[in-house]
Number of protein chains: 2
Amino acid sequence: MRSENGSTGRSFVEVARRRQIIDAAIETVAERGYANASLAHIATTAGISKSVISYHFAGKEELLREVVTAVFDECGEAVGAALASCRTWTERLAATITGQLEYLRDHRTRWLAASEIVISHRDESGTPLYLQSGDEEIEGIVGILEAGRDAGEFGAFDVRIAALTVVHGLDGVLTEWQKDESLDLDDYGRRLVAFILRAVRPGAS
Amino acid sequence: MRSENGSTGRSFVEVARRRQIIDAAIETVAERGYANASLAHIATTAGISKSVISYHFAGKEELLREVVTAVFDECGEAVGAALASCRTWTERLAATITGQLEYLRDHRTRWLAASEIVISHRDESGTPLYLQSGDEEIEGIVGILEAGRDAGEFGAFDVRIAALTVVHGLDGVLTEWQKDESLDLDDYGRRLVAFILRAVRPGAS
DNA sequence: CTAATTTTTGTCCATGCGTTCAGAAAACGG
DNA sequence: CCGTTTTCTGAACGCATGGACAAAAATTAG
């Protein structure tokens, strides 16, 4: 019997191969775009035969889903770590923004690939992934905004609209970064935080 | 000699056919998604033979570009009309937001199709359309924000970040509307305007 | 009415795709 | 060492796509 890994029932080589294929898929999608990221190209990038992908993954569908969950989980953990050291709700709101931008800054390729897949990939019924994913991120921001409002750090405003604006503002940063590769993400993050804090600050509406 | 139309040198029937094909493309892309909107499907939707599209358009590329420019020009005109009747910069900022949402509300299919194409379609070099389009919309909002700031209607903030946040917030409304078909766009617009006005209002920061 | 031109049609083609498969190669267990 | 299992390969498959083409149909002009 081969040594197994956790509860997945996968051998070490299996896990390594899957990781290698996932990384190759990320690189290929980021470089050539979702539509041009065929299994053949991914296999070439990984330096393996096309059929190996079909051997280790149930299909292209499963591979792409694994890419998305891997990257988003990584980013979620990074943001969670940034949130842990915060003391005020204002800090938490800022950390949500800067934390995600820092992940984007340090893992551009991975984030780009995951975004491409989420936007472009459709399941068999034609529904894109971004309409299937849960809204945990939005709910998290809503929670911070409500708590901050109750604590008196923020003013009175529509927390859901505010949360959506933050999330879509973060999504849009990638677009701006693609338009201008020299964009300073840290600077952008600071300015975005400042703008959002202007909106949520207490005071007349 | 056939009667011609403007400077394009196209006959009336030619113009009509092109419009019919463009509308069929819009309907097909909105219904089946960009990736599944083949020329065959578009032709079936239009009730014509596939080759007619190739006869009237240089290729799929030209057809899709015409769809995008047609829809975005329509929306731009609608927003422009809404702006014309504004007297203050605050009104203009609000009209930019509500005007676009009203177009989205009244032309969901067209906007959806154009967005799909802009996001997913790549030219031969692999560059998506949304990285090619000019930033006239952003520049317009930047102009409003600067003028409003100089007029004392708005406070001191980063106008570019503010404009980008507005634009990306508007882009995101379509996503929310897809997630929840019963979303009240007028209500969303009012709330979004209120939130943005909170951010740009004069005061410390 | 006839000839020329515009428009439409159905068919065919080359290409690329994801997946399948039999068999080769490698790794493993006793 | 040999038999078994896992892993990999290259070829083949069915399918869908965008485009090209000759011929048919419709429209126009004289």
Side-chain angles (χ1 to χ4, degrees), chain A residues 1-5 8-22 24-25 28-29 31-67 116-117 120-126, chain B residues 1-5 8-22 24-25 28-29 31-67 116-117 120-126:
Chain A
M1 184 68 86
R2 200 82 64 79
S3 56
E4 307 274 323
N5 209 352
T8 66
R10 278 197 252 273
S11 70
F12 281 110
V13 294
E14 168 100 45
V15 171
R17 259 279 188 265
R18 285 175 69 99
R19 191 193 315 272
Q20 176 199 17
I21 293 171
I22 288 175
T28 308
V29 170
E31 259 181 18
R32 315 181 49 113
Y34 169 83
N36 294 330
S38 66
L39 289 186
H41 287 134
I42 296 173
T44 302
T45 300
I48 57 179
S49 176
K50 200 172 53 158
S51 339
V52 187
I53 301 177
S54 298
Y55 177 75
H56 289 284
F57 292 90
K60 198 184 187 185
E61 171 86 14
E62 187 196 344
L63 171 57
L64 295 180
R65 285 185 183 274
E66 295 260 333
V67 168
E116 280 258 344
I117 295 169
S120 296
H121 184 64
R122 311 290 155 106
D123 64 8
E124 58 257 53
S125 79
Chain B
M1 185 65 85
R2 199 81 65 79
S3 56
E4 307 272 326
N5 208 353
T8 65
R10 277 196 255 274
S11 71
F12 282 111
V13 296
E14 168 99 44
V15 171
R17 259 278 188 266
R18 284 175 70 97
R19 191 193 315 273
Q20 177 200 16
I21 294 172
I22 289 175
T28 308
V29 170
E31 259 181 18
R32 315 180 48 112
Y34 169 83
N36 295 331
S38 65
L39 289 185
H41 287 134
I42 296 172
T44 302
T45 300
I48 58 179
S49 176
K50 196 175 58 159
S51 330
V52 187
I53 302 178
S54 298
Y55 178 75
H56 288 283
F57 292 88
K60 199 183 185 184
E61 172 87 12
E62 188 196 345
L63 170 58
L64 294 180
R65 285 185 183 272
E66 295 260 332
V67 167
E116 280 258 344
I117 295 170
S120 295
H121 184 65
R122 310 291 155 106
D123 64 7
E124 58 257 53
S125 80

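Computed from a prediction, not measured in an experiment: that's the story for all the values here. Convention: sequence-line order gives letters A, B, ...; per-chain numbering from 1.
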side-chain hydrogen bond (donor to acceptor under 3.5 Å, both in side chains) partners for A:R19, two or more places apart: none
Min side-chain heavy-atom separation A:V67-A:V29 under 4.5 Å: no
Distances under 3.5 Å between protein N/O atoms and the N/O atoms of nucleotides 10-13 of chain D, please, pair by pair.
from, atom 1, to, atom 2, distance (Å)
D:dG10, N7, A:S51, OG, 3.4
D:dG10, O6, A:S51, OG, 2.5

Counterpart residues, side-chain hydrogen bond (donor to acceptor under 3.5 Å, both in side chains), relative to B:E31 (two or more places apart): none
Neighbours of DNA chain D within residues 36-44 of chain A, by heavy-atom distance under 4.0 Å: none
Degree of bending in the helix from C:dC1-D:dG30 to C:dG30-D:dC1 once both end axes are built from five pairs, to 10°: 10°
Contacts of A:E62 that satisfy side chain to side chain contact (heavy atoms under 4.5 Å, CB included) - sequence neighbours left out: A:R18, A:F57, A:A58, A:E66
Between C:dG18 (P) and A:E124 (CD): distance, integer Å: 16 Å
Contacts of B:A35 that satisfy side chain to side chain contact (heavy atoms under 4.5 Å, CB included) - sequence neighbours left out: none
Residue closer to the 5' end of DNA chain C, B:G47 versus A:A35 (nearest nucleotide): B:G47
Nucleotide C:dT9, atom C1' - distance to CD1 of B:I53 in whole Å: 13 Å
Derivation and outcome, side chain to side chain contact (heavy atoms under 4.5 Å, CB included), residues B:R17 and B:I48: CA-CA 10 Å; B:R17 259 278 188 266; B:I48 58 179; 4.1 Å; yes
Within residues 55-66 of chain B, residues whose heavy atoms come under 4.0 Å of DNA chain D: B:G59, B:K60
Phosphate OP1/OP2 of D:dC8: any A:R17 side-chain N/O under 4.0 Å: yes
side-chain hydrogen bond (donor to acceptor under 3.5 Å, both in side chains) against B:N36, all qualifying residues, sequence neighbours excluded: none
Atom of A:E61, atom of A:R122 and distance for their closest heavy-atom approach: OE1-O, 4.2 Å
Set of side chain to side chain contact (heavy atoms under 4.5 Å, CB included) partners for B:S49, sequence neighbours left out: B:S51, B:V52
Heavy-atom closest contact (A:D123 atom, A:R65 atom, distance): CB-NH2, 4.0 Å
B:T28: partners by side chain to side chain contact (heavy atoms under 4.5 Å, CB included), with sequence neighbours left out: B:R32, B:A37, B:H41, B:I42, B:T45
Partners meeting ring pair (Phe, Tyr, Trp, His ring centres under 6.0 Å) with A:H121 (sequence neighbours left out): A:Y34
Separation of atom NE2 in B:H121 from atom P in D:dG18, rounded to whole Å: 11 Å
Distance, nearest 0.5 Å, that separates CD1 of A:I22 from CD1 of A:I53: 11.0 Å
